[in-house]
Amino acid sequence: MDFLGEAKRIEPEMIRTRRALHQHPELAYQEVETSKLVADRLESLGIEVKRGVGGTGVLGVLVGAKKGRVVALRADMDGLPVQEASDVNYRSKVDGVMHACGHDTHVSMLLGAARLLTQHRKELPGTVKFLFQPAEEHGGRGGAMPMIEDGVMEDPKVDFVFGLHIEANRRSGEFGVREGAIAAAPDTFKVKILGRGGHGSAPHQTVDPIYVAAHVILALQGVSARMIDPVRPFVISVGAVHSGTKENIIPDVATLDGTIRTLDEGTRKLAKKRVEEVAKGVCKTFGASAVVEFEKDAYPVTVNDPETTGKVVSVLKRIPGTRVKRVEAMLGGEDFSRFLQVAPGTFYFLGSRNPEKGCIYPNHSSKFKVDEDVLKFGAASLAMLAFEFGSPKGPSGER
Ligand SMILES: [Zn+2]
Ligand SMILES: [Zn+2]
């Protein structure tokens, strides 16, 4: 099966689809037109479609003619609240919204893979489930969780799940893969520091929450420097500080909003505990008190099943014109993690950096630009993984 050759033939169509999506990005939970496009396209291919899955998600089911296993392929569909500043002529037509993370390419590549697989239905072993999910960028419940609650991983039960992400920091045509943890658990926290306000000229009559906040911010870095095993990645950042109205008024309250990132559940649990203890302890020292809250339902660590991922590498290595690199984990979060909690599988990256074409800006940048030459690689890789892992014997490995 020459999936790359076939992907090349549908390359113009994939680029057209991607650009259409790029011009009409939709924010998390609002992917109405995007999911309509997806569902209509899948139906036109003869794939069984369920709309409105987990909100604006779409499930496509393709049953192969041969017996085999159930493989799920996932693409996320949401854009970001970014005003596009790239120089392409298919810029976003929606003010303040942009596909700045490349989810438009994910949709286009997975639709491409769906076409390739339907063309080989007669030889296709097992069943392929296409998961087009909303709201990956949202955090919290995101889009994977509602889709799982709607049963996409059951009936028939998914044996393997795969998803890829376009990556602007990686050179065009390079796959980035890792066994084990590949993306972090992004836990959001809020520290509310309760002091006692008063006049700026008489701080001794007050408990100054801004002064205390400054100490808390510094002390929180001590969690990373002195309380967590240094060989276990852990980052803590305070991204927002809010307090006060005027220079001579000491306010009652200050709030800190921050994020912590970890790559294993043990460190995650410990870090959250220490953050709370340190914040409360520092506040107590200065006579203030603290309310510490962590966002409910934060994404878990994205953990690639090592055995499956080893086989994925051997499949990806067979795609001409690409190369495969073992990569470090990133400390961004991904709700593909939730699918991986239900079935073994792999989340991998596809590089789209190409300085010659000006594709040099990182994901989430207002100038983010993708080298569209890589769409064929992504589509071929997804189709190959579905085909190889659908076979009862599994991937045939390196040839
Ligand atoms: Zn993103
Ligand atoms: Zn993304």
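Every number for a ligand or one of its atoms is a count from 1 in the order of the listing.
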Legend entry - No-hydrogen, no-angle side-chain donor-acceptor test under 3.5 Å, Thr346 and Thr309: yes
Inset, instruction - To 10°, measure the NE2(His103)-the Zn ion (ligand 2)-NE2(His165) angle for me. - result: 110°
Inset, instruction - Please work out which of the three classes, parallel, tilted or perpendicular, describes the rings of Phe189 and Phe294, given edges at 30° and 60°. - result: tilted
Inset, instruction - Among the N/O/S atoms of His364, select the one at the shortest distance from the Zn ion (ligand 1) and name it. - result: NE2
Inset, instruction - Have a look at Met109 and tell me which of Asp104, Val374, Leu164 forms a side-chain contact (heavy atoms from CB on, under 4.5 Å) with it. - result: Leu164
Legend entry - Residues Thr34 and Glu26: side-chain donor-acceptor under 3.5 angstrom: yes
Inset, instruction - Starting from the Zn ion (ligand 1), look over the N/O/S atoms of Glu137 and name the nearest one. - result: OE2
